[in-house]
Number of protein chains: 2
Amino acid sequence: MKLTSKGRYAVMALVDLARFDSINPVSLRDISLRQNISLDYLEQIFSKLKKNNIVKSIRGTQGGYILNKNPNDIKLTNIFYAVDEKVKTVQCKKESKKGCNGKATKCITHDLWDELENHINSFFKNKSLEDLIKNKKETRI
Amino acid sequence: MKLTSKGRYAVMALVDLARFDSINPVSLRDISLRQNISLDYLEQIFSKLKKNNIVKSIRGTQGGYILNKNPNDIKLTNIFYAVDEKVKTVQCKKESKKGCNGKATKCITHDLWDELENHINSFFKNKSLEDLIKNKKETRI
DNA sequence: CCATACCTGACTAAATTGGTCAAGTATAGA
DNA sequence: TCTATACTTGACCAATTTAGTCAGGTATGG
């Protein structure tokens with residue numbers, strides 16, 4: 001099990017954005033430099049974040065992105081969902097006629113993965129962008 | 001984030017094994033048939049489980065595998081560790097001189113992934129094979 | 001001695017990841 | 001109006017990982 005870079009970058013970039021977003025939009029170039037993330041890759045990520053109404057864009061010189069919601073209303077769940085980072089513990093979820101073991105029944109450990117998924121998702125649902133910048137203000141990097 | 005088949009199969013196979021392991025060893029062929037997992041793949045997995053003292057093998061006709069510990073002492077953590085299923089949320093862990101962003105500092109969300117990792121691992125540490133077969137006896141598949 | 005079942009290592013097709021590259025479009029400021 | 005900045009879109013790709021397969025073993029009970 002692992003979290004991919006896309007999800008990690010999305011969170012990093014949004015934390016960065018939230019910290020510098022005061023009046024002026026923040027350009028991807030700045031985020032790219034500060035966080036050491038490829039600009040081209042950031043563009044892909046922000047395209048998705050925008051489609052999910054997490055950020056909005058301002059074009060042109062001095063343009064950039066700003067948050068489209070209160071940091072407290074942006075949960076990790078929303079971010080991961082936006083960039084297609086799925087907490088799929090197992091394939092059992094597929095809406096096939098068959099069960100997850102190719103037979104008619106549920107696989108022997110099906111309930112376990114359900115439970116695990118809930119466990120992880122509860123973490124993501126409870127953690128907001130606000131929580132993350134709050135911490136950051138304290139450690140003051 | 002996803003859990004790979006290897007870890008899932010390992011757990012499924014061990015649950016199967018734990019349920020049929022009374023006096024006689026259980027052959028991989030039987031597990032393969034019941035759980036619909038490739039025999040060749042199972043052999044790879046059990047080789048690792050054996051190296052980690054979770055099961056032991058009995059060769060020859062009527063041979064097979066049996067648990068090497070009390071089901072209550074086999075936690076999901078142990079199983080995943082054995083088959084190299086890692087809960088690595090992020091690469092930040094590498095013991096490189098540099099921080100996780102290529103700079104000298106920790107990345108801006110470093111603590112978050114630490115926290116997440118702990119959250120997930122606590123689930124794995126608390127769940128034993130015993131818990132899983134207990135449930136199975138109840139639902140009686 | 002042979003069928004069963006464990007054991008080992010090499011190999012591979014397909015998918016995913018983590019990007020790069022190229023060619024735009026919109027807009028603020030000179 | 002021109003131009004630099006910065007968002008926008010889509011195609012492409014190398015490297016890695018995954019989920020196995022295949023081909024040979026070796027040990028042992030009957």
Side-chain angles (χ1 to χ4, degrees), chain A residues 1-10 12-13 17 20-21 23-33 35-52 54-66 68 80 83-86 88-91 94 100-102, chain B residues 1-10 12-13 17 20-21 24-33 35-52 54-66 68 80 83-86 88-91 100-102:
Chain A
M1 166 159 1
K2 65 169 206 250
L3 191 68
T4 70
S5 281
K6 200 187 291 182
R8 181 173 129 237
Y9 286 166
M12 283 175 72
L17 178 58
F20 285 86
D21 171 17
I23 306 161
N24 302 314
V26 180
S27 75
L28 293 190
R29 211 178 75 89
D30 285 352
I31 296 179
S32 164
L33 290 173
Q35 302 303 328
N36 228 40
I37 304 170
S38 143
L39 176 59
D40 286 314
Y41 203 29
L42 270 182
E43 285 173 344
Q44 287 180 40
I45 291 170
F46 271 76
S47 156
K48 289 169 191 251
L49 292 175
K50 190 187 169 188
K51 275 188 194 123
N52 282 265
I54 292 173
V55 296
K56 55 187 168 189
S57 65
I58 292 159
R59 303 184 78 154
T61 320
Q62 304 301 325
Y65 287 92
I66 54 176
N68 198 19
F80 285 140
V83 298
D84 301 316
E85 194 85 273
K86 293 193 192 76
K88 57 164 181 184
T89 48
V90 156
Q91 273 78 348
K94 284 182 188 153
C100 21
N101 44 12
Chain B
M1 169 162 356
K2 65 169 206 251
L3 191 68
T4 71
S5 281
K6 198 185 291 180
R8 180 173 129 237
Y9 287 166
M12 284 175 71
L17 178 58
F20 285 87
D21 172 17
N24 302 315
V26 180
S27 74
L28 292 190
R29 211 179 74 90
D30 286 352
I31 297 179
S32 164
L33 289 173
Q35 302 302 328
N36 227 39
I37 303 171
S38 144
L39 175 59
D40 286 314
Y41 203 29
L42 270 182
E43 283 175 343
Q44 286 181 42
I45 292 170
F46 271 75
S47 155
K48 289 169 191 252
L49 292 175
K50 190 187 169 188
K51 273 187 196 127
N52 282 266
I54 292 173
V55 295
K56 55 186 167 192
S57 65
I58 292 159
R59 302 184 78 152
T61 319
Q62 306 302 323
Y65 286 93
I66 54 177
N68 199 18
F80 285 140
V83 298
D84 302 315
E85 193 85 274
K86 293 193 192 77
K88 57 164 180 183
T89 48
V90 157
Q91 274 78 349
C100 19
N101 44 13

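Residue numbers begin at 1 in each chain, while the letters A, B, ... track the order of the sequences.
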Worksheet item: Under a 4.5 Å cut-off applied to non-hydrogen side-chain atoms, are Arg29(A) and Leu33(A) in contact?
Response: yes

Fill in: Minimum side-chain heavy-atom gap Tyr9(B)-Ile31(B) below 4.5 Å
no

Practice prompt. Calculate the interatomic distance between Ile37(B) atom CD1 and dT18(D) atom C1'; express it in whole Å.
Written response: 15 Å

Item to complete: Under 4.0 Å between any heavy atoms, over every strand shown, what does Tyr9(A) touch: base, sugar-phosphate, or nothing? Just pick one.
Response: sugar-phosphate

Practice prompt. Please tell me which of the listed nucleotides, dA6(D), dA19(D), dT21(D), lies nearest to the side chain of Asp40(B)?
Written response: dT21(D)

Item to complete: Starting from C1' on dA5(C), measure out to CG on Leu33(B) and report it in whole angstrom.
Response: 13 Å

Worksheet item: What nucleotide, of dC21(C), dG18(C), dT8(D), holds the atom closest to the side chain of Thr4(A)?
Response: dG18(C)

Worksheet item: Quick one: Lys50(A) NZ to dA6(D) P, roughly how many Å, whole number?
Response: 16 Å

Fill in: Side-chain heavy atoms of Val26(A) within contact of Ile66(A), under 4.5 Å
no

Worksheet item: Going by modelled atom types, is there a donor-acceptor pair between the base of dC7(C) and the side chain of Glu43(B) at under 3.5 Å?
Response: yes

Worksheet item: Any side-chain N or O of Tyr41(B) less than 4.0 Å from the OP1 or OP2 oxygen of dC22(D)?
Response: no

Fill in: Relative orientation of the end axes in the helix from dC1(C)-dG30(D) to dA30(C)-dT1(D), expressed as an angle to the nearest 10° (five pairs per end)
10°

Practice prompt. For Phe46(B), report the nucleic acid contact type (base, sugar-phosphate, nothing); a contact means any heavy atom under 4.0 Å.
Written response: nothing

Worksheet item: Can you tell me how far C1' of dC7(C) sits from CG of Leu39(B), to the nearest Å?
Response: 12 Å

Item to complete: Please report, rounded to the nearest Å, how far the C1' atom of dC6(C) is from the CD1 atom of Ile45(B).
Response: 15 Å

Practice prompt. Please report the shortest heavy-atom distance between Val83(A) and Lys6(A), naming the atom on each side.
Written response: O-CD, 3.5 Å

Worksheet item: Please give, in whole Å, the distance from dC7(D) C1' to Leu49(A) CG?
Response: 14 Å

Discussion item. Considering only residues two or more places apart or on different chains, which pairs with a residue in residues 54-66 of chain B satisfy side chain to side chain donor-acceptor pair (under 3.5 Å)?
Written reply: Lys50(B)-Ser57(B)

Discussion item. Counting only side-chain nitrogens and oxygens, does Lys6(A) get under 4.0 Å of the OP1 or OP2 atom of dT17(C)?
Written reply: no

Discussion item. Which residues pass the side chain to side chain contact (heavy atoms under 4.5 Å, CB included) test with Glu43(B), not counting sequence neighbours?
Written reply: Leu28(B), Leu39(B), Asp40(B)

Worksheet item: Is the base of dT20(C) touched by the side chain of Gln44(A) through a donor-acceptor pair closer than 3.5 angstrom?
Response: yes

Item to complete: Apply salt bridge (Lys or Arg N to Asp or Glu O under 4.0 Å) to Lys48(B) and list each qualifying residue two or more places apart in sequence or on a separate chain.
Response: Asp84(B)

Discussion item. Please find the pair of heavy atoms, one from Ala13(A) and one from Leu42(A), that lie closest to each other, and give the distance.
Written reply: CB-CD2, 3.9 Å

Fill in: Euclidean distance, atom CZ of residue Arg29(B) to atom P of dC7(C) [Å, nearest integer]
17 Å

Fill in: Heavy-atom side-chain proximity of Leu17(B) to Phe46(B) below 4.5 angstrom
yes

Worksheet item: Are any non-hydrogen side-chain atoms of Asn68(B) and Ile54(B) less than 4.5 angstrom apart?
Response: no

Fill in: Interatomic distance where CG belongs to Leu42(A) and C1' belongs to dT20(C) [whole Å]
14 Å

Discussion item. Heavy atoms within less than 4.0 Å of DNA chain D: which residues of residues 57-64 of chain B have one? Give them sorted by number.
Written reply: Arg59(B), Gly60(B), Thr61(B)

